[in-house]
A.B. asks: 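One structure, as structure tokens, below. Some questions next.
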Amino acid sequence: MNVRTRFAPSPTGYLHIGGARTALFSWLYARKTGGVFILRIEDTDRERSTQESVDAILQGMDWLGLEHDEGPFYQTHRFDRYKDVIQQLLDSGHAYRCYCSREELEQMREAQMARKEKPRYDGRCFGREDAPEGIEPVIRFRNPQDGAVEFDDLVRGKITVSNKELDDLIIARSDGTPTYNLTVVVDDIDMNVTHVIRGDDHINNTPRQINIMRALGFDPPKFAHVPMILGGDGQRLSKRHGAVSVMQYRDDGYTPQALLNYLVRLGWSNGDQEIFSREEMVSLFSLEGINRSPSAFNADKLLWLNQHYIKTLPVEELERQLQWHLQAQNLSVANGPALTDVINAQRDRAKTLVEMVAISRYFYEDFDSYDEQAVKKQFKADTAANLQVVHDELVGIAEWKGEPIHAAIHSACEKLGVKLGKVGPPLRIATTGGASSPSLEITLELIGRGRALERICHAISFIGSTMMAD
RNA sequence: GACCCUAUCGUCUAGAGGCCUAGGACACGACCCUUUCACGGUUGUAACCGGGGUUCGAAUCCCCGUAGGGUCGCCA
């Protein structure tokens, strides 16, 4: 049988880290087995579902490159189908109407808690013949009273839950709309889902869903419950642990390659391997390799991976991704060196794409002030004269390339009888405004002859004016 | 509280009874490389939750504790 997996988020917010990882695992398993990956939007809760959330989730999936083969299917478009199934359950005696008020239910729960019991619906409306006026009933699934539900979770192994632990859950609200546990079952049946890969916060729902599925005459699919992702403090991952939205990572300058690589290693491993290309993930992935224990999100390691990908991704790919950040940071690269050259010069010193743009500004725009600390440390009384000599050497260069620039700087040092340490740092500040950059010859070459010489002259007069003021 | 699940360095993890004096990675420290910032290289600190079994032998299997997480909605 062909593998069919699905990712089924509810559109009540953006695509978050945890969702992205279960989506990744589902996608990976489908790709690995040559199966089908389905995207389904679980929007039955109309109060909380929004189109913006749908768009945000689609955007996140797209950014990560987790393309679906079927869908997106919207549950709100399938209400007729759910209605039919609910009626079928009603007709076959597997479901019944419940007229209990919310207050009544609340009282029941409190009483049970007081008795230190697990709060659960006691089935009091089951078999009820009358239909009280003026109350729109909910519909409950009649869970089997005896025995136990057992399933073989692909990552947890055998899980057994006694039917006594399960109560008669609501499958249709009083307004007639279906609820999650019903729609999930119907959809997984209709869409022929073979492997349900999801967060283990659903592990307690699984026995109920299996019961509904059996009542409908179907065999349940295989289940794989992946452990939760926790924050650094061991608590469930949430906003207070930092960014949890996938798109926030794009905004912060992360590459999708890094995020995917980080996510795949969170709760899954292949020996000691840390770096996985998309192709390797697909070929090496297995459900058996998924851990059973929850794992904590570690921003440092993600950052390291991001740096790794910035160092190693094809320059064209980085250039493509950088476009968005150039726009976001309002930097035009029209007047200046080829972006690919700048990327190659800077890729070893940027951990994020945001940083990459920030440290590359001086290649394209003049700056209007120098780094204060650097100036304090490097601009001395004799600096202006030294820079003048460097300037004069550079002016004479036939071709504005790294090698002749390098030679000119060294020849200036010789003429001055000083070491490079005396000339290099001030020259760097003069041309870039700050104390760090790629090697001087590459930096100057990329800045360009005119702009570089101009900046040196500007620095000379700047030093002159400030030294005078002293 | 009841039920379900989990437990190896600070974190992610390797480990399928002897290969474990427990390996790798991130972070952190030291050293080397170096015209800056980085990159890179070498290296160091650091873990099998506790207690009982089973076994010639246990990080690995079983039981009991303990700790953590999840679930108990007319949310998904």
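Residue numbers start from 1 in every chain, and the chains themselves are labelled A, B, ... in the order their sequence lines are given, proteins ahead of strands.
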A.B. asks: Scan nucleotides 6-12 of chain B against the protein and return all N/O pairs shorter than 3.5 Å with their distances rounded to 0.1 Å.
C.D. replies:
from	atom 1	to	atom 2	distance (Å)
B:rC12	OP1	A:A296	N	2.9
B:rC12	O2'	A:R265	O	3.0
B:rC12	O2	A:K301	NZ	3.4

A.B. asks: In the structure shown, which nucleotide is the Watson-Crick or G-U wobble counterpart of B:rC39, with both distances under 3.5 Å?
C.D. replies: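 Its partner: none found.
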
A.B. asks: Does B:rC33 pair with anything, Watson-Crick or G-U wobble, both distances under 3.5 Å, and if so, with which nucleotide?
C.D. replies: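 Looking at the geometry, B:rC33 pairs with no nucleotide.
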
A.B. asks: Is any N or O donor-acceptor pair between the side chain of A:N205 and the base of B:rA76 shorter than 3.5 Å?
C.D. replies: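 Pair found.
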
A.B. asks: State which of B:rG69, B:rA76, B:rC4 makes the closest approach to the side chain of A:V161.
C.D. replies: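 Closest of the options to the side chain of A:V161: B:rC4.
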
A.B. asks: Could you check how far CD of A:E47 sits from C1' of B:rC74, rounded to whole Å?
C.D. replies: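 That distance rounds to 11 Å.
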
A.B. asks: Using the side-chain heavy atoms of A:E42, tell me which of these nucleotides is nearest: B:rG73, B:rA76, B:rA27.
C.D. replies: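 Comparing B:rG73, B:rA76, B:rA27 against the side chain of A:E42, the answer is B:rA76.
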
A.B. asks: Check whether the side chains of A:N261 and A:Q257 place a donor and an acceptor atom closer than 3.5 Å, and report yes or no.
C.D. replies: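 No, because no side-chain N or O of A:N261 sits under 3.5 Å from a partner of the opposite role on A:Q257.
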
A.B. asks: Could you tell me the separation between the CD1 atom of A:I203 and the C1' atom of B:rG70, rounded to a whole number of Å?
C.D. replies: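 After rounding, the reported distance stands at 9 Å.
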
A.B. asks: What pairs of nitrogen or oxygen atoms, one from the protein and one from nucleotides 35-41 of chain B, lie under 3.5 Å apart?
C.D. replies:
from	atom 1	to	atom 2	distance (Å)
B:rU35	O4	A:E441	OE1	3.0
B:rU36	O2'	A:A435	O	2.7
B:rU36	N1	A:R428	NH1	3.2
B:rU36	O2	A:R428	NE	3.3
B:rU36	O2	A:A435	O	3.3
B:rU36	O2	A:S437	N	2.9
B:rU36	O2	A:S437	O	3.2
B:rU36	N3	A:R428	NH2	3.1
B:rU36	N3	A:S437	O	2.5
B:rU36	O4	A:S437	O	3.4
B:rU36	O4	A:S439	N	3.2
B:rC37	O2	A:R349	NH1	2.8
B:rC37	N3	A:R349	NH1	2.4
B:rA38	O2'	A:D348	O	2.2
B:rC39	OP1	A:Q307	NE2	3.3
B:rC39	O3'	A:K311	NZ	3.0
B:rG40	OP1	A:K311	NZ	2.7

A.B. asks: Salt bridge check, A:E393 against A:K415: does any charged N sit closer than 4.0 Å to a carboxylate O?
C.D. replies: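 Salt bridge flag = yes for A:E393 with A:K415.
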
A.B. asks: Once you apply the 3.5 Å cut-off to both distances, tell me the Watson-Crick or G-U wobble partner of B:rA7, or none.
C.D. replies: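 For B:rA7, the partner nucleotide comes out as B:rU66, under the 3.5 Å rule.
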
A.B. asks: Check salt bridge (Lys or Arg N to Asp or Glu O under 4.0 Å) between A:R142 and all other residues, then give those that pass, not counting sequence neighbours.
C.D. replies: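 Partners of A:R142 by the salt bridge (Lys or Arg N to Asp or Glu O under 4.0 Å) criterion, ordered by chain and then number, come out as A:D168.
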
A.B. asks: Base, sugar-phosphate, or nothing for A:H202, non-hydrogen atoms under 4.0 angstrom?
C.D. replies: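 Contact class for A:H202: base.
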
A.B. asks: For the aromatic rings, using the six-membered ring if either is Trp, is the centroid distance between A:Y362 and A:F367 under 6.0 Å?
C.D. replies: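 No, ring centres 6.0 Å or more apart.
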
A.B. asks: Name the pairing partner of B:rA59, where a pair is Watson-Crick or G-U wobble with both distances under 3.5 Å, or state none.
C.D. replies: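 Partner of B:rA59: none.
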
A.B. asks: Can you tell me, in whole Å, how much space there is between the P of B:rA47 and that of B:rU8?
C.D. replies: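 Roughly 14 Å separates the two P atoms.
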
A.B. asks: Would you please say whether a donor-acceptor pair under 3.5 Å links the side chains of A:D43 and A:Q75?
C.D. replies: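 No, no side-chain donor-acceptor contact under 3.5 Å.
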
A.B. asks: Looking only at atom P, what distance separates B:rA2 and B:rG10, rounded to whole Å?
C.D. replies: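 These two P atoms come out 32 Å apart once rounded.
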
A.B. asks: Give me the distance, rounded to whole Å, that separates B:rC12 from B:rU55 when you measure between the P atoms they each carry.
C.D. replies: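 About 36 Å, rounded to a whole number of Å.
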
A.B. asks: Using whole Å, what does the distance between atom P of nucleotide B:rA76 and atom CZ of A:R40 come to?
C.D. replies: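 Between P of B:rA76 and CZ of A:R40: 13 Å.
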
A.B. asks: Counting only Watson-Crick pairs (N1-N3 plus N6-O4 or O6-N4) and G-U wobbles (N1-O2, O6-N3), all under 3.5 Å, who is the partner of B:rU71?
C.D. replies: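 Across all strands, the one nucleotide that pairs with B:rU71 is B:rA2.
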
A.B. asks: Give A:K116 one of three labels, base, sugar-phosphate or nothing, depending on what nucleic acid heavy atoms sit under 4.0 Å from its own.
C.D. replies: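 Sugar-phosphate contact only.
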
A.B. asks: Could you tell me which residues satisfy side-chain hydrogen bond (donor to acceptor under 3.5 Å, both in side chains) with A:D175, sequence neighbours excluded, listed by chain and number?
C.D. replies: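 side-chain hydrogen bond (donor to acceptor under 3.5 Å, both in side chains) list for A:D175, sorted by chain: A:T177.
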
A.B. asks: Classify the nucleic acid contact of A:R109 as base, sugar-phosphate or nothing, counting any heavy atom under 4.0 Å across all strands shown.
C.D. replies: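 A:R109: backbone/sugar contact only, no base atoms under 4.0 Å.
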
A.B. asks: For A:D175 and for A:N270, locate the closest nucleotide of RNA chain B by heavy-atom distance; then report the residue assigned to the nucleotide nearer the 5' terminus.
C.D. replies: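 Per heavy-atom nearest nucleotide, the more 5' residue is A:N270.
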
A.B. asks: Can you check whether A:Q235 has a side-chain N or O nearer than 4.0 Å to OP1 or OP2 of B:rG68?
C.D. replies: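 Result: no.
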
A.B. asks: Give the rounded distance in Å between these two atoms: CD of A:Q75 and P of B:rA76.
C.D. replies: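 After rounding, the reported distance stands at 9 Å.
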
A.B. asks: Would you say the base of B:rG23 and the side-chain of A:D272 have a donor-acceptor pair closer than 3.5 Å?
C.D. replies: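 Under the 3.5 Å cut-off, the side chain and the base do form a donor-acceptor pair.
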
A.B. asks: Whole Å only: how far is the CD atom of A:E150 from the P atom of B:rC3?
C.D. replies: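 About 18 Å, once rounded to whole Å.
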
A.B. asks: Residues in side-chain hydrogen bond (donor to acceptor under 3.5 Å, both in side chains) with A:H241, at least two apart?
C.D. replies: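 With neighbours one apart ignored, the set is A:D233.
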
A.B. asks: Using the C1' atom on both, measure B:rU13 against B:rG52 and round to a whole Å.
C.D. replies: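 Comparing C1' positions in B:rU13 and B:rG52 gives a spacing of 29 Å.
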
A.B. asks: Would you mind telling me which residue lines up with the more 5' stretch of RNA chain B, A:R115 or A:G271, judged by nearest nucleotide?
C.D. replies: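 Upstream on the strand: A:R115.
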
A.B. asks: Which base, if any, makes a Watson-Crick or G-U wobble pair with B:rG44, both distances under 3.5 Å?
C.D. replies: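 Base partner found: B:rC28.
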
A.B. asks: What integer number of Å spans the P atoms of B:rC19 and B:rG57?
C.D. replies: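 These two P atoms come out 15 Å apart once rounded.
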
A.B. asks: Using atom P in both nucleotides, what's the gap between B:rG41 and B:rC26 to the nearest angstrom?
C.D. replies: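 Result for the P pair: 9 Å, nearest Å.
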
A.B. asks: NZ of A:K118 versus C1' of B:rG70: gap in Å, rounded?
C.D. replies: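 Atom NZ in A:K118 sits about 11 Å away from atom C1' in B:rG70.
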
A.B. asks: Rounded to the nearest angstrom, tell me the gap between atom CG in A:L230 and atom P in B:rG70.
C.D. replies: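 A:L230 atom CG is separated from B:rG70 atom P by 7 Å.
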
A.B. asks: Relative to each other, are the rings of A:Y249 and A:F297 parallel, tilted or perpendicular (30° and 60° limits)?
C.D. replies: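 Geometry flag for A:F297 against A:Y249: tilted rings.
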
A.B. asks: Taking 4.0 Å as the cut-off, does a side-chain nitrogen or oxygen of A:T44 come that near to OP1 or OP2 on B:rA76?
C.D. replies: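 True: A:T44 side-chain N/O within range (under 4.0 Å) of B:rA76 OP1/OP2.
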
A.B. asks: State yes or no: are the ring centers of A:W268 and A:F25 separated by less than 6.0 Å?
C.D. replies: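 Centroid separation for A:W268 and A:F25: 6.0 Å or greater.
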
A.B. asks: May I ask you to check whether A:D45 and A:Y180 show a side-chain donor-acceptor distance below 3.5 Å?
C.D. replies: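 Checked: A:D45/A:Y180 side chains show no N/O donor-acceptor pair below 3.5 Å.
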
A.B. asks: With rounding to whole Å, what would you report as the distance between B:rU54 and B:rA46 at their C1' atoms?
C.D. replies: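 Rounded to whole Å, the distance is 32 Å.
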
A.B. asks: Using the test ring-ring contact (aromatic ring centres under 6.0 Å, His included), find all partners of A:Y309 that sit at least two apart in sequence or belong to another chain.
C.D. replies: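 Result, ring-ring contact (aromatic ring centres under 6.0 Å, His included) vs A:Y309: none returned.
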
A.B. asks: Is it true that the side chains of A:T443 and A:S437 contain a donor and an acceptor less than 3.5 Å apart?
C.D. replies: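 Per modelled atom types, A:T443 and A:S437 side chains form a pair under 3.5 Å.
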
A.B. asks: If we take the C1' atom in both B:rU11 and B:rA27, what is their distance in whole Å?
C.D. replies: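 Pairwise C1' distance, B:rU11 against B:rA27, rounds to 8 Å.
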
A.B. asks: Could you tell me whether A:R347 contacts a base, only the sugar-phosphate backbone, or nothing, with contacts defined as non-hydrogen atoms closer than 4.0 Å?
C.D. replies: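 If one applies the 4.0 Å heavy-atom cut-off, A:R347 turns out to touch nothing in the nucleic acid.
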
A.B. asks: To the nearest angstrom, how far is A:D187 atom CG from B:rA76 atom C1'?
C.D. replies: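 The answer, rounded to whole Å, is 13 Å.
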
A.B. asks: Could you please name the partner base of B:rC20, counting Watson-Crick and G-U wobble pairs only when both distances are under 3.5 Å?
C.D. replies: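 Paired with B:rC20, as far as the under-3.5 Å criterion goes, is no nucleotide at all.
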
A.B. asks: Can A:D84 and A:Q87 be counted as having a side-chain donor-acceptor contact under 3.5 angstrom?
C.D. replies: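 Absent: no donor and acceptor within the cut-off.
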
A.B. asks: Indicate syn or anti for B:rC39, taking the glycosidic torsion and treating anything within 90° of 0 as syn.
C.D. replies: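 Glycosidic conformation of B:rC39: syn.
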
